[in-house]
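Since this is a predicted model, take the numbers as computed values, not measurements. Note: hydrogens, waters and symmetry copies are ignored here, and every other heavy atom, side chains too, is used. Convention: sequence-line order gives letters A, B, ...; per-chain numbering from 1.
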Amino acid sequence: MSEVRTRVAPSPTGDPHVGTAYVALFNYCFARVHGGKFILRIEDTDQKRSTEASERAILDALRWTGLQWDEGPDVGGPHGPYRQSERSELYREHARQLLDTGHAFRCFCTAERLGELRKQQIADGSGLLGYDGHCMGLSADEAQRRADAGEAHVVRLIVPREGACRVDDMLRGPIEIPWTQVDMQVLLKSDGLPTYHLANVVDDHHMGISHVLRGEEWINSAPKHLRLYEAFGWEPPVLCHLPLLRNPDQSKLSKRKNPTGILWYRDMGIVPEALLNYLGSIAWSMPGEVEVFSLDEMAAVFDASRISLGGPIFDLEKLTWINRKWLRERIDDADLVERLIAWKLNRDFLAQVAALARTRLDTLGSLADIAGFLAMGRLPLPDGAFEGMAEPGELAEWFVMVEEQLNVLPGWDKDAIEAVLRRSAEHVDQKLKKFLPPFYMAVTGKKASLPLFDAMELLGRDIVRDRLRQATDAVGGLGNKKRKSLMAGLTPLLDQAAQAG
RNA sequence: GCUCCCAUCGUCUAGCGGUCCAGGACGUCGGCCUCUCACGCCGAAAACACGGGUUCGAUUCCCGUUGGGAGUACCA
């Protein structure tokens, strides 16, 4: 058997997500146990949403976990570049090849027509959605001519209109998906860049990926990928779909309902070994019912057949327990000190805190009381924390409103945060003096504390968002209906926030 | 709607036809230890979704129902 090569391929369109670490972990272990290689590839084909900052953050976060890739945009490797935006030409060539071999066609349909088509299909109730093949009727000459004339178009994949595609999943066995359910997927967008489907297949092939372990959400598009491999005459990799991480309500893990940022776990004091240990203990089990294990221990005995298929609910309590085990059993005194320093008890961090705290300092020791909230993960809110500030329902709206804006802020700095709070207060027609107190309570756990905007900057977005969510729950939460109507009026504020910084 | 995936305690799971009136862990509740707390230890409550098959025998295999999830984009 040829070399085992796996990859994780995050899209740099947001904060580093635990789901990425989860998928990376399994790919890493699979490669290790087979003596193969683990590759990191950046899937930045979405020009509108990809950012350099996000890519950097993802790389940093992944590095923090301790999952080390053998090839990637930062470390290089024989199959680079490892950033899809730097391989555009390769995808265009391959799209051209599909056009030439009759596996794809140019489509000149407008977004309007596509929207109409979709509406029509839904109204029909036939259950069949997707492109109707309109531009397939174009002669090759005409399509070529219109393309040469500079008319905007995309390249779509031709898929069989009958029969079924057999997808062999490493864990589930054969899965049959009717071709009628598979859309004539866009492969090359009108901006000339590939969609995931094309880029993914082309890269996996050229990078020699032998096994693809990815989220379950991809099962339904596997036929498109298989079709592409066939069209190119390539052997497809072994596919293995991992169960999706879930919120407590069983829906796919989302930041709306849960902390999903890797950095949230880091900032609240979870050690990376514990995060990986936890991720490895849901969906997979160590032989012998061992609960606490290191990455090396896992990678040494990893057996994909021990993956459970039910979607696990992400359980913060269990993760915290594993973290406690690591802290007291697997990290010695000296190491613990190093961890604390690397985390927050260092000169840099203290310098920022001290500057904010000095006028409030009584004795040096009072720092702990004043700034303790900066070091805590979740805060114990005092009884009646928000009493007398505003009606609970109103407070919930305030919290959600601000949380939503903070979420779309491109950067994370004091000024942008302040602007969000000010605009929000204005939006609900409140003076800052009345509007801010609940936020002090939510973020710092006290009525009076360090300057709010600085504190928020220092805490980081993930922690602040989580605290606002906790506070929202503490005042009774916000119903779905109310949330919806609130969001409807928020568009201008969100737009402003998104453009800030 | 349509297609696909999944289904053991509240949660994560062990189990791959008899060893299971189902084992471990988190959490919860008792107790022990102890200068408090924590750690540690002991114990309790807590599950094979339902209905059909197959089989001498189903938690384990097959089918259906129900439930949950995902997909259905010029996002990945």
Side-chain angles (χ1 to χ4, degrees), chain A residues 9-14 17 19-20 42-50 84 107-111 114-115 118 121-131 152-156 164-165 167 169 171-200 214-224 241-253 278-292 305-325 327-329:
Chain A
S11 172
T13 53
H17 196 283
T20 305
I42 295 293
E43 308 232 331
D44 55 350
T45 54
D46 186 341
Q47 266 185 315
K48 292 182 215 65
R49 296 195 307 149
S50 299
Q84 292 186 329
C107 168
F108 299 87
C109 290
T110 60
L114 262 19
R118 188 184 169 74
Q121 287 171 334
I122 290 172
D124 285 351
S126 67
L128 294 178
L129 295 171
Y131 188 66
H153 67 280
V154 300
V155 174
R156 286 181 186 273
C165 176
V167 178
D169 183 274
L171 267 16
R172 295 156 229 263
I175 298 170
E176 297 246 315
I177 298 176
W179 280 115
T180 50
Q181 295 300 318
V182 183
D183 199 7
M184 296 181 193
Q185 197 39 249
V186 169
L187 299 176
L188 210 59
K189 300 179 271 188
S190 53
D191 64 4
L193 292 181
T195 57
Y196 168 87
H197 306 285
L198 209 217
N200 170 267
R214 65 197 336 180
E216 200 179 0
E217 75 240 68
W218 294 109
I219 290 183
N220 289 291
S221 41
K224 295 167 194 167
H241 295 92
L242 270 13
L244 259 22
L245 266 23
R246 315 275 189 99
N247 294 312
D249 69 0
Q250 307 214 85
S251 56
K252 172 170 151 179
L253 192 67
Y278 175 67
L279 258 13
S281 69
I282 54 179
W284 188 77
S285 61
M286 190 79 169
E289 306 198 322
V290 176
E291 305 275 349
V292 181
S305 71
R306 293 187 68 87
I307 294 174
S308 320
L309 265 15
I313 290 168
F314 199 95
D315 181 4
L316 186 58
E317 299 215 64
K318 182 76 172 268
L319 166 60
T320 305
W321 174 78
I322 288 179
N323 197 55
R324 275 172 26 211
K325 287 293 248 191
L327 255 21
R328 63 192 182 230
E329 288 175 11

Among A70(B), C74(B), U13(B), the nucleotide that comes nearest once only the side chain of Ile282(A) is considered: U13(B)
Integer-rounded Å distance: A76(B) P and His241(A) NE2: 17 Å
Any Ser308(A) side-chain N or O less than 4.0 Å from OP1/OP2 of A14(B): yes
Asp183(A) side chain vs Gln185(A) backbone, donor-acceptor pair below 3.5 Å: no
For C41(B), the Watson-Crick or wobble counterpart (both distances under 3.5 Å): G31(B)
Under 3.5 Å on both distances, the Watson-Crick or G-U partner of G71(B): C2(B)
Any-strand Watson-Crick or G-U partner of U66(B), both distances under 3.5 Å: A7(B)
Euclidean distance, atom CD1 of residue Ile307(A) to atom P of C16(B) [Å, nearest integer]: 19 Å
Distance test, side-chain N/O of Lys48(A) to OP1/OP2 of C74(B), below 4.0 Å: no
Audit row: Val167(A), Ile219(A), side-chain contact (heavy atoms from CB on, under 4.5 Å) steps and yes/no: CA-CA 8 Å; Val167(A) 178; Ile219(A) 290 183; 5.7 Å; no
N/O (side chain, Arg156(A)) to phosphate O (OP1/OP2, C74(B)) under 4.0 Å: yes
Rounded distance in Å between the P positions of U59(B) and G18(B): 11 Å
Euclidean distance for P, G10(B) against A46(B) (whole angstrom): 10 Å
Length of the line joining Asn200(A):CG and C74(B):P, which is rounded to integer Å: 17 Å
Euclidean distance, atom NE2 of residue His17(A) to atom C1' of C75(B) [Å, nearest integer]: 14 Å
Sugar-phosphate only, base, or nothing, as touched by Trp284(A) at under 4.0 Å among non-hydrogen atoms: nothing
Presence of salt bridge, Lys325(A) and Glu291(A), under 4.0 angstrom: no
Touch class at under 4.0 angstrom, heavy-atom based, for Arg214(A) against every strand present: nothing
Spacing of Arg49(A) atom CZ relative to C74(B) atom C1', expressed in whole Å: 13 Å
Separation of atom CE in Met286(A) from atom C1' in A14(B), rounded to whole Å: 15 Å
Aromatic plane relationship, Phe314(A) with Tyr278(A) - under 30° parallel, 30 to 60° tilted, over 60° perpendicular: perpendicular
Who pairs with C20(B) - Watson-Crick or G-U, where each distance is under 3.5 Å: none
Sugar-phosphate only, base, or nothing, as touched by Val154(A) at under 4.0 Å among non-hydrogen atoms: base
Whether Thr195(A) side chain and Val186(A) backbone form a donor-acceptor pair below 3.5 Å: yes
Spacing of Leu114(A) atom CG and Cys107(A) atom SG [to the nearest 0.5 Å]: 6.0 Å
Candidate nucleotides G15(B), A70(B), G24(B), ranked by approach to the side chain of Arg306(A) - the nearest: G15(B)
Asp249(A) backbone acceptor or donor facing Asn247(A) side chain under 3.5 Å: no
P gap between C32(B) and A38(B), integer Å: 14 Å
Any donor-acceptor N/O pair under 3.5 Å between G23(B) base and Glu289(A) side chain: yes
Spacing of the C1' atoms in A22(B) and C63(B) (rounded, Å): 25 Å
Shortest non-hydrogen separation from Pro10(A) to Thr20(A) and the atoms involved: CB-CG2, 3.9 Å
Under-4.0 Å side-chain N/O to phosphate OP1/OP2 contact, Thr195(A) with C75(B): no
Over all atoms of both residues, closest heavy-atom pair of Pro223(A) and Trp179(A): O-CH2, 3.7 Å
Main-chain N/O of Thr13(A) paired to Arg49(A) side chain as donor or acceptor, under 3.5 Å: no
Rounded distance in Å between the P positions of G24(B) and G43(B): 10 Å
Nucleotide-resolved protein contact map, nucleotides 4-11 of chain B, B/S/- at heavy-atom distance under 4.0 Å: SSS----S
Distance, C1' atom - from C50(B) to C75(B), rounded to whole angstrom: 39 Å
Under 4.0 Å protein heavy-atom contact, by nucleotide of nucleotides 28-43 of chain B - B base, S sugar-phosphate only: -----------SS---
For atom CD of Gln185(A) and atom C1' of C75(B), their distance in whole Å: 10 Å
Euclidean distance, atom CG of residue Leu198(A) to atom C1' of A73(B) [Å, nearest integer]: 16 Å
Sugar-phosphate, base or nothing in reach of Thr180(A), heavy atoms under 4.0 Å: nothing
Distance test, side-chain N/O of Lys252(A) to OP1/OP2 of A76(B), below 4.0 Å: no
Sugar-phosphate, base or nothing in reach of Cys109(A), heavy atoms under 4.0 Å: base
Donor/acceptor link under 3.5 angstrom from Ser190(A) side chain onto base of C74(B): yes
Over all atoms of both residues, closest heavy-atom pair of Arg214(A) and Ala222(A): NH1-CB, 4.4 Å
Same-atom distance (C1') from U8(B) to G40(B), integer angstrom: 30 Å
C1'-based separation of C2(B) from U60(B) [nearest Å]: 32 Å
Any donor-acceptor N/O pair, Gln121(A) side chain to Gly130(A) backbone, under 3.5 Å: yes
Asp169(A) and Arg172(A) ion-paired at < 4.0 Å: yes
Sugar-phosphate only, base, or nothing, as touched by Ala283(A) at under 4.0 Å among non-hydrogen atoms: sugar-phosphate
side-chain N/O Ser285(A) vs A14(B) OP1/OP2, d < 4.0 Å: yes
